[in-house]
Amino acid sequence: MSGDGGESGTTARWVEKHSPLYVQATRHPFICRIKDGSVNISAFRRWLAQDYLFVREFIPFIASLLLKASKESDVDVVLGGIAALNDEISWFRKEASKWGISLNVVPQMANLEYCRFLQSLALPDVNYSVAMTALWAIETVYHESFSFCLESGSKTPDELMEACRRWGNTDFGQYCCTLRKIADRCLETSSGDVVTQSEEIFIRVLNFENDFWNMSLSEL
Ligand SMILES: Cc1ncc(CNC=O)c(N)n1
């Protein structure tokens, strides 16, 4: 991170300021149990089906960012994110069939609420900096969580490695780093009101991610 501004930008200050919440979202018991090999496979199966529904809702949200981006390089980055989702949707279908899971499930409350939040952020009047902060936070929580399961010494079960690599790999980490730089650049020239709104959105994303993991762990 050193030298790329990662320590000094607005987003880095927020991660520091809200670190208990950030750690809760990125080192959740669901993730820790994947990493130590003790995860209940039925929890993983529940997560997979629910996350597929989430990703379906994530597509219109990221498409809304494509419409709002004006800088050519931002358009390229967001377009890359959309292209990756195309591959991701195929992966969910393949993974579901491997596990014998139906993707035609009812969204649970935590998922419904998170998806409703995404829909509200996709509205045309939502500021670009606010929406970009959300995209950075959503992607970064997944990267930080799943890359943790790939660290040496992890006992991540073999059959879960593909999921962990999908969001934990260094290319995805690079994408998150690029999103962070875009968000920081936008926030630098945003009004105080927009900066405040963006920080609130960051906090809400962390809470939604935490609730999503809780939902995946809960016995139903
Ligand atoms: C709940 C949640 N948060 C973030 C991501 C990662 N983004 C796209 O895949 C995800 N799949 N699910």
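For ligands, and for the atoms within them, numbers begin at 1 and follow the listed sequence.
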Got a sec, which residues hit salt bridge (Lys or Arg N to Asp or Glu O under 4.0 Å) with [X], two or more places apart in sequence or on another chain?
X: Asp87; value: Arg166
X: Glu151; value: Lys35
X: Asp74; value: Arg185

Note to self: One thing to verify: whether Glu95 and Lys98 come together as a salt bridge, which I'm taking to mean a side-chain N less than 4.0 angstrom from a carboxylate O.
What the structure shows: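 Salt bridge flag = yes for Glu95 with Lys98.
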Notebook entry, point to check: Would you call Glu162 and Lys94 a salt bridge, using N to O less than 4.0 angstrom?
Noted result: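 Salt bridge flag = yes for Lys94 with Glu162.
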Next item on the list: Would you mind telling me which of Trp91, Tyr175, Phe148 makes a ring pair (Phe, Tyr, Trp, His ring centres under 6.0 Å) with Trp167?
Entry: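 So, applying the ring pair (Phe, Tyr, Trp, His ring centres under 6.0 Å) to Trp167 and each of Trp91, Tyr175, Phe148, only Trp91 qualifies.
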Next item on the list: For ligand 1, would you mind listing the residues that have at least one heavy atom less than 4.0 Å away, ordered by chain and number?
Entry: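 If the criterion is a heavy atom under 4.0 Å, then ligand 1 touches Asp51, Phe54, Val55, Phe58, Glu88, Tyr114, Ile138, Glu139, Tyr142, Trp167, Glu209, Phe212.
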